[in-house]
Amino acid sequence: MPHDPDPPPAKRFKPGSPFFRLNKKPGMLLPRKENASVPVDVQRKHLPIYQAKSQLINRLRQLDGAVLIGETGSGKTTQIPQYLYEAGIGRQGIIAITQPRRVAAISLAGRVAEEKKTQLGKLVGYTVRFEDMTSSETKLKFMTDGMLLREAIGDPLLLRYSVVVLDEAHERTVHTDVLFGVVKSAQRKRREQSKFPMKVIVMSATMDVDLFSQYFNKAPVLYLEGRQHPIQIFNTKQPQSDYLQAALVSIFQIHQEASPSQDILVFLTGQEEIEALARTCRDISKHLPETCCPMMVIPLYASLPPAQQLRVFQAAPKGTRKVVLSTNIAETSITIPGIKYVIDTGMVKAKKYNPDSGLEVLAVQRVSKAQAWQRTGRAGREESGLCYRLYTEDEFENFINMTVPEIQRCNLASVLLQLLALQVPDVLNFDFMSKPSSEAIYTAVEQLDLLGAVDRKDEHISLTPLGKKMASFPLEPSYAKTILLSPDFSCTEEVLTIVSLLSVDSVLYNPPARREEVHTVRRKFISSEGDHMTLLNIYRAFKNVGGNKEWCRENFVNSRNMALVSEVRAQLREICLKLGMTLQSSRTDMGNVRRCLAHGLFTNAAELQPDGSYVALDTHQPVAIHPSSVLFQAKPAYVIFNELLHTSKCYMRDLCLVDADWLHDAAPEYFRRKLRAAKS
DNA sequence: GAGCACTGC
């Protein structure tokens, strides 16, 4: 075992108070165990929420809005919609229940359809991107929050809906936050115009709900008991200089003391860290005394192939301990059964946004208190648990209370475009629950203005006809613009492919251990014109073999992401047709495709300097070509790039060779002073 | 010559 500079394990921690997720409130209910062999209608009655049913219905019938607090496991998400429907509340329209994630929307709909003993897609259905399982009969509709937002563009008053339930509101995704404002204004306008009323129910797992209640006109807060079991919390006595070392020591301290059937979940920050720690744990566990049980180490992060992700749900063989090393994917998206111990490093990798430079940086940082509680809660899902926090109580007190909502740390260009499409009268003063900084809003307006999406008259901002078309694409504004420009260059088919490729996760596998092999097979696709054209070549080859899985494996192509590219492409193509665009292919003429990209993505341009370095023309930020680019060895005078990645340097990723003239023609005013070799 | 948490339309 590596040398441990900190105190010996047994002395490292001191116990804190047991953690109960909820304080007791009047009208609360006792948790009970679920039993899979019991029929669903009986199970429904065993849910904690059932005993509050009539009370809940009476309150909700009277209220326009309510904030509902309840743990996962309280049954609120599956039961509330059914209670409303069964009580005849909101029968004039559809009851919508929004979720931040697709899988959640789909599985919840399945569960409720089963409870209602009806076929999915009839009374109960769901709508997510690429999949609509609803019909004219559907009254209970589970959907992603992004999907309801899309629908609102065509129907800002949401007149199909009688009730909107915003679930998992505490997660504060961009989509949920925008929906808050959209739903609130729709509710008010319907009242003003004497349309039939809309009920808004906000559901959250955290106790910190004053903000929600205040925002929704002081809506009453209703509490529901969940099934949280007590969790004993331990903090370190001293701050830890090395959280990985501290995690390692804690894992083996628990491993040597606890019964083998008790599993451990460790929260870490990323793939590399997790894989490294997994190797160390496996090595050490081989050399432990006979008295110690075997250890099964399971890494968990989003980019893991689905088959490997499923391993966390399998129980370890009898007498073996399961140790799950996870990113924050296990905080919300994936619930792992059998976890008795949680080890929280208190660290997370998250995106930060600098509104001045427009740069997003991915950085390891401290979690918020709310996040720490969420992690702790993962230890008490089935029975009482223990949580080891690798930080002191004082350190914890200094954590921020809530994670800063995503809307305050992202580029707002697409959000603003969407708000304008929703006919929000004054976007600069949109009623956000947590208003983003005025710098961030201003930067976004500037971006949209440059793209020709908005008209500015004093303080009033409106959508141009181009902007209106741009908003109909589920894409970053600059990508939408590029597609809309493509008919001028007779290359819409190619641009659709490229934009689709850029808007999903990477379609390329790059296993470091097989670098030479990857290099060899990829050579045949490489275009000297850059990464966009190389990706286009790969997509064309993929289509030529009909998406053959074997071909994907041989060529280190991620077939799952490639399939997603096809789906995205089909959706975008459909929107083009609806807008009446003619879809032409440039076939072998890549020059036109590059011209088109230069015209659409000119804000992401960089210029070679006399000293051989690059400067981003928009911000004058020094940038470098990422070593993964096919242009890494080349020194093109001008490139456009897909994104900037700030790590050891500021790297451009996914580059395309362009001419200075094209950039100049795309935005003469903008480039007048920016280009070295500016056209006279 | 580097390495990217997690979602979503």
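Every chain is numbered from 1 and lettered A, B, ... according to where its sequence line falls, protein lines coming before strand lines. Just the heavy atoms: all of them, side chains too, but no hydrogens, waters or symmetry mates, feed the values below. The model shown is predicted, which means the values in this text are computed figures rather than measured ones.
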List for me each residue that meets ring-ring contact (aromatic ring centres under 6.0 Å, His included) alongside A:Tyr539, sequence neighbours excluded, and say none if there are none. none

A:His519 has an atom NE2; how far is it from atom C1' of B:dG1, in whole Å? 13 Å

Between P of B:dA2 and CZ of A:Arg515, the distance in whole Å: 11 Å

List in chain and number order the residues that pass salt bridge (Lys or Arg N to Asp or Glu O under 4.0 Å) with [X], two or more places apart in sequence or in another chain; answer none if no residue qualifies.
X        : result
A:Arg409 : none
A:Glu275 : none
A:Lys468 : none

Restricting to side chain to side chain donor-acceptor pair (under 3.5 Å), what partner residues turn up for A:Thr269, sequence neighbours left out? A:Glu273

Counting primed atoms, P, OP1 and OP2 as sugar-phosphate and everything else as base, the B/S/- map of nucleotides 4-9 of chain B against protein heavy atoms under 4.0 Å is BBSSSB

